[in-house]
Amino acid sequence: MRFQHCIQWLLIFSLLPIYTLWVLRADNRTLELTVAHAMELRESAALLELPGRWSSRDVCAVTREEAKLLRDRYDLRQETIAVNGEQIIVLRFREAVPARDELTRVLARDATSGLACLPVQEFGSPWTFAPALS
Amino acid sequence: MTTHRQRRRARWTLFYQWCVYSLFLTLLLVSLALFFLKLTGAAPAIWRTYTMLYLRVALLHTWLVMILLLLGDIRRPTFPSSSWQRIAVIVPCYNESLELLERSLRSIRKARGRKEIILVDDGSTNGTGPAMRALAEELGITFHAFPENRGKRHALHYAVTRLIRKSRFVVMVDSDTVVHRDALVRITAPLLGKGIGATSGDIRLWNEDENTLTQMVGAYYWSALHIHRRSQSSLGMVGCCSGALSAYRLSVLRRVMHAFLHQQFLGLPCTHSEDRHLTNLVLQRGYDVVFVPEAVGYTKTPATFTQFLRQQQRWRRGFLQESVFTLSYAWRRKPLLFAEVLIWDITVPLLSVGIMFHLFLSILVDPASFVLFLLPSWIFLMIIRAMPMVFHERAKLPGLLAFMLFSTFVLYWQMLIALLTLRNRKWITR
């Protein structure tokens, strides 16, 4: 084979595994919870309450203590990522996100405090980062 | 008069075709159901599994194509010269422009190889009959004209069964196709070997630079032939020999001509996709079909969107129809072709309707996500799938990406229209 062909195949079979791994990794992002715009919501003092069950578009904004509570109870993965000097908590539920009222109970919030509803980044979407709630 | 066995066979064929057609419709309905499930927010796990499955199949197919291409590159076959073999060149035409026809015939006359050229006029009504006869006489071409339009299949059938005298190989050339000087000997060379029943040439566009559409189509042709068809060729399972330039063993053609002429689909005579059906019949008989990139022909593509969409609509109907036929025999003869047609050609496009709807919705609801993530990852996958083009025809890459976008947003939906109008027998580009 000519040299050009060799380079071609080298490149193809280098890029394909990278792309394959990327697609396979995406499967781990079953339901991502991102802490996004939390500060904005806090400042606006308006915590949105959604009726009924959580859908894939709902998330909850959690503090570090709340993250611990959730971790003790559910099978989830937590990562702490530094963005612009801030520590961001990202939670991933390996199974379906529990119902909102259950989360309220687990996090020991009262019924009126509700949970901040933020866009859930679905499969493949980029994460949106915001400073962790203190 | 048909025998009892033939009638029973016809009934089973019709039953099989309806079953597969129903399966296609079911896949479509399942996909729509998944999309509505997604809209309601119920069972998100099912949607995730569905989209992940789609991506993984796309990835698997990309691996398959690249591995087959590499295989073809490593064990590139060499064929003996066939310049001493007698070749019959059949040119069917219908209402073709005299200028284009003359260019095509003169290029065939000048091409290397011992040949007999046969021009069949399929009942043209544009008044070119006498001029065609005069041209045929001037160039020493066998000419036959049907008194009325019967269809390309009849023209080819007549030429193969009645007009060919001494040739061993048959080359079919469209009436607007100009062949390269060496095209005829190169495209018939593989037929000298055992096992190969048909070959397909490299079709390029002589009006590629006419406008943006033709440039996009030219890029797509290159990708379809030099990547997808070439990958199939490495295992002798090219699914379609281009009607513009293809070659067959005469002995094989004569065995399949009856079935070719009398093909029916869902109880109606077929008028689409002669080229693909002929290829299917050759594969069904156990022969290999290969792609010959050295055999070059230049044809014309529609230069307006209206004409192009009509052509594509006809091709999509034929594609679905012939896929049903391919599935009936390929599981025995060419298992990999069977898997490719079943999964990649049929199941994935039909099942991805829900994903396509969701894509459009995402663009409206969350354009940032589409622009920042979906589009770049799609472009990345397209470039990987078209990587050989980066090395051999880099200038065509933007055209290919533009065509792929056009295909996703426009041509893809023609598949659904084709599925729902599969029994339409009109030749809609006329």
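Residue numbers begin at 1 in each chain, while the letters A, B, ... track the order of the sequences.
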### Query
By a 4.5 Å heavy-atom criterion (distance strictly below it), what part of Leu11(A) contacts chain B: side chain, backbone, both, or neither?
side chain

## Note on the structure
Among Leu69(B), Leu60(B), Thr62(B), the residue with the most heavy-atom pairs under 4.5 Å to chain A is Leu69(B)

### Task
Using heavy atoms and a sub-4.5 Å threshold, report which of residues 379-393 of chain B line up against chain A, by residue number.
Phe380(B), Leu381(B), Ile384(B), Met387(B), Pro388(B), Phe391(B), His392(B)

### Query
Got a sec: does the OH of Tyr220(B) have more than 12 other heavy atoms crowding it under 6.0 Å?
no

#### Entry: Rounded distance (nearest 0.5 Å) linking atom CD1 of Ile12(A) with atom CD1 of Ile67(B)
11.0 Å

### Query
Crowded around Arg76(B) CZ? As in, over 12 foreign heavy atoms under 6.0 Å?
yes

